[in-house]
Asks: 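Next up is a structure, given as structure tokens.
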Amino acid sequence: MIQLLEKKYPSAKTELMFNTPFQLLVATILSAQTTDRTVNKITPALFERYKTPYDFVKADIEELKNAIRGANYYNTKAKNIKKLAEIIVERYSGQIPETTEELVKLPGVARKTANVVLSQGFGKAEGIVVDTHVKRLAERLGMSKAKTPEKIEQDLMKIIPREKWISFPFTLILHGRRVCKAKNPLCDICILNSLCPYGDKSKCQIS
DNA sequence: CTCCCGATAT
DNA sequence: ATATCAGGAG
């Protein structure tokens, strides 16, 4: 099924807009519980106003909140981004760290965000991105019975070849958005229907 | 397990 | 007006 997904979504990657790894980090934090499209509406002006990590350090918190208003939880995210910028300037000389271990220490950054930044910003396959789509599809496709993103990631790392770790989750994300939706999945047009344990059940459930 | 708490589609 | 979208911290 990896091959089928790759064939259907040949260039699967993040849809977030960015020019530097730091911008990707900020964009990914903003994308928590927020669609990529909404984030992409915010970031051009944001990155024009704040060009370097140090610009975020100097930022007035209210002005920063206003600049990212539109992203869900912008209050918390503004504080996290400012704090994170301080850490990057003070502890990392303005360059964001390139390991999961270091990234998840930053405020507002857990494994999902760290994996997006490492894989999409640096081409590093330290782990597998597990967002709500990957979580749902992994369960439906029978790839993991685990409940937490951390456990699901571990399960996927065992069954997905490492050279696919970067692209594979993004094929699931695209498929999850377009076909294998949370509500009313389009099983009748799904290319994975014949080998999906969930598909057979849902075909009987959908009116 | 609770809080955070906007945008877009229907 | 309501449903759907879709992570992290305490």
Side-chain angles (χ1 to χ4, degrees), chain A residues 9 12-18 22-46 56 61-88 96-97 99-121 126-141 144 146-156 168-187 198 202 205-207:
Chain A
Y9 310 104
K13 58 173 172 45
T14 181
E15 290 175 9
L16 294 170
M17 291 160 43
F18 65 98
F22 177 76
Q23 287 187 352
L24 176 60
L25 177 57
V26 172
T28 308
I29 289 170
L30 291 176
S31 78
Q33 294 291 99
T34 303
T35 60
D36 287 1
R37 276 213 304 287
T38 299
V39 175
N40 287 339
K41 285 185 64 178
I42 294 170
T43 46
L46 181 71
F56 283 94
I61 191 68
E62 293 304 322
E63 190 187 333
L64 182 55
K65 283 180 188 176
N66 202 53
I68 64 170
R69 198 175 301 270
N72 212 353
Y73 314 137
Y74 60 88
N75 230 309
T76 309
K77 288 171 182 176
K79 292 176 196 163
N80 284 155
I81 290 167
K82 189 173 165 65
K83 178 69 177 163
L84 160 152
E86 289 171 10
I87 295 169
I88 288 168
I96 72 170
T99 65
T100 308
E101 270 194 62
E102 296 298 311
L103 283 170
V104 296
K105 291 178 186 168
L106 300 170
V109 180
R111 289 199 63 89
K112 184 263 179 178
T113 298
N115 281 327
V116 169
V117 172
L118 285 175
S119 67
Q120 304 296 301
E126 280 196 24
I128 293 177
V129 172
V130 179
D131 73 342
T132 183
H133 297 294
V134 176
K135 189 174 189 288
R136 182 179 69 254
L137 295 234
E139 179 177 3
R140 287 181 179 174
L141 291 167
S144 174
K147 293 299 173 193
T148 70
E150 291 78 14
K151 276 287 295 171
I152 293 167
E153 185 182 355
Q154 287 174 22
D155 288 342
L156 291 179
F168 179 71
F170 290 95
T171 67
L172 287 187
I173 290 166
L174 287 175
H175 195 62
R177 287 212 276 249
R178 308 222 234 279
V179 181
C180 193
K181 301 186 291 183
K183 298 271 167 65
N184 299 320
L186 309 177
C187 298
Y198 180 87
S202 63
Q205 290 170 349
I206 292 175
S207 52

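Chain letters run A, B, ... following the sequence lines, proteins first, then strands; residues in each count from 1. This structure is a prediction, so every number in the text was calculated from the model and none was measured.
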Asks: Looking only at atom C1', what distance separates B/dC5 and C/dT4, rounded to whole Å?
Replies: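 One C1' to the other, the span is 15 Å.
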
Asks: Is there a side-chain contact between A/Ile152 and A/Lys135, using heavy atoms and a 4.5 Å cut-off?
Replies: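 Touching, per the 4.5 Å side-chain cut-off.
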
Asks: A/Thr76 side chain: which of B/dG6, B/dC4, B/dA7 is closest?
Replies: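 Selected nucleotide (nearest to the side chain): B/dC4.
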
Asks: Of all nucleotides in DNA chain C that come within under 4.0 Å of a heavy atom of chain A, which is furthest toward the 5' end and which toward the 3' end?
Replies: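 Listed 5' to 3', the contact boundaries are C/dT4 to C/dA9.
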
Asks: Taking the side chain as everything from C-beta on, heavy atoms only, tell me whether A/Thr43 gets closer than 4.5 Å to A/Val26.
Replies: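 SC-SC contact between A/Thr43 and A/Val26 ruled out.
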
Asks: Evaluate the side-chain proximity of A/Tyr198 to A/Cys180: yes if any heavy-atom separation is below 4.5 Å, no if none is.
Replies: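 They are not in side-chain contact.
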
Asks: Counting only side-chain nitrogens and oxygens, does A/Lys79 get under 4.0 Å of the OP1 or OP2 atom of B/dC4?
Replies: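 No, A/Lys79 has no side-chain N/O under 4.0 Å of OP1/OP2 on B/dC4.
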
Asks: Are the side chains of A/Arg111 and A/Pro149 in contact, using a 4.5 Å heavy-atom criterion?
Replies: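 A/Pro149 does not reach A/Arg111 side chain to side chain.
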
Asks: Any chance you could lay out the side-chain contact (heavy atoms from CB on, under 4.5 Å) test for A/Thr34 and A/Lys77, step after step, and finish with the verdict?
Replies: CA-CA 12 Å; A/Thr34 303; A/Lys77 288 171 182 176; 3.2 Å; yes

Asks: Let's go through A/Thr35 and A/Thr38 carefully: what are the C-alpha distance in whole Å and the side-chain angles of both, what is the deciding distance for side chain to side chain donor-acceptor pair (under 3.5 Å) to 0.1 Å, and is it a yes or a no?
Replies: CA-CA 5 Å; A/Thr35 60; A/Thr38 299; 2.9 Å; yes

Asks: Using a 4.0 Å cut-off on heavy atoms, which residues in residues 64-73 of chain A reach DNA chain B? List them by number, or say none.
Replies: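 Heavy-atom contacts with DNA chain B come from A/Gly70, A/Asn72, A/Tyr73.
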
Asks: Provide the distance between the two C1' atoms, one in C/dG7 and one in B/dA9, to the nearest whole Å.
Replies: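 Looking at atom C1' only, C/dG7 and B/dA9 are 22 Å apart.
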
Asks: Can you tell me, in whole Å, how much space there is between the C1' of C/dC5 and that of B/dC4?
Replies: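 Those two atoms are separated by 16 Å.
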
Asks: What interatomic distance, in whole Å, is found between C1' of C/dG8 and the corresponding atom of B/dT8?
Replies: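 These two C1' atoms come out 23 Å apart once rounded.
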
Asks: How would you label the contact of A/Leu106 with the nucleic acid (heavy atoms, under 4.0 Å): base, sugar-phosphate, or nothing?
Replies: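 Sugar-phosphate: the residue A/Leu106, judged by heavy atoms under 4.0 Å, touches backbone atoms but no base.
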
Asks: Between A/Ser119 and A/Phe170, which heavy-atom pair has the shortest distance, and what is it?
Replies: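 Closest approach of A/Ser119 to A/Phe170, heavy atoms only: OG-CE1, 4.2 Å.
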
Asks: Hey, is A/Glu15 close enough to A/Arg177 for a salt bridge, meaning N to O under 4.0 Å?
Replies: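 Yes.
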
Asks: Taking for each residue the nucleotide of DNA chain C bearing the nearest heavy atom, is the 5' side occupied by A/Arg177 or by A/Val109?
Replies: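 Comparing both residues, the 5'-ward one is A/Arg177.
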
Asks: Considering heavy-atom distances to DNA chain B, does A/Thr34 or A/Arg37 have its closest nucleotide positioned more toward the 5' end?
Replies: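 Nearer the 5' end of the strand: A/Thr34.
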
Asks: Send over the distance from A/Asn75 CG to B/dG6 P, rounded to a whole Å.
Replies: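 Rounding to the nearest Å, CG of A/Asn75 and P of B/dG6 are 9 Å apart.
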
Asks: Should A/Glu139 and A/Lys147 count as an ion pair when the cut-off is N to O under 4.0 Å?
Replies: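 Salt bridge flag = yes for A/Lys147 with A/Glu139.
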
Asks: Mapping A/Pro107 and A/Lys183 onto DNA chain C by nearest heavy atom, which one lands closer to the 5' end?
Replies: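 Residue closer to the 5' terminus by nearest nucleotide: A/Lys183.
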
Asks: Which is true for A/Lys77 with a 4.0 Å heavy-atom rule: it touches a base, it touches only sugar-phosphate, or it touches nothing?
Replies: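 If one applies the 4.0 Å heavy-atom cut-off, A/Lys77 turns out to touch nothing in the nucleic acid.
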
Asks: Would you kindly give the CD1-to-C1' distance between A/Ile42 and B/dT8, to the nearest whole Å?
Replies: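 About 13 Å, once rounded to whole Å.
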
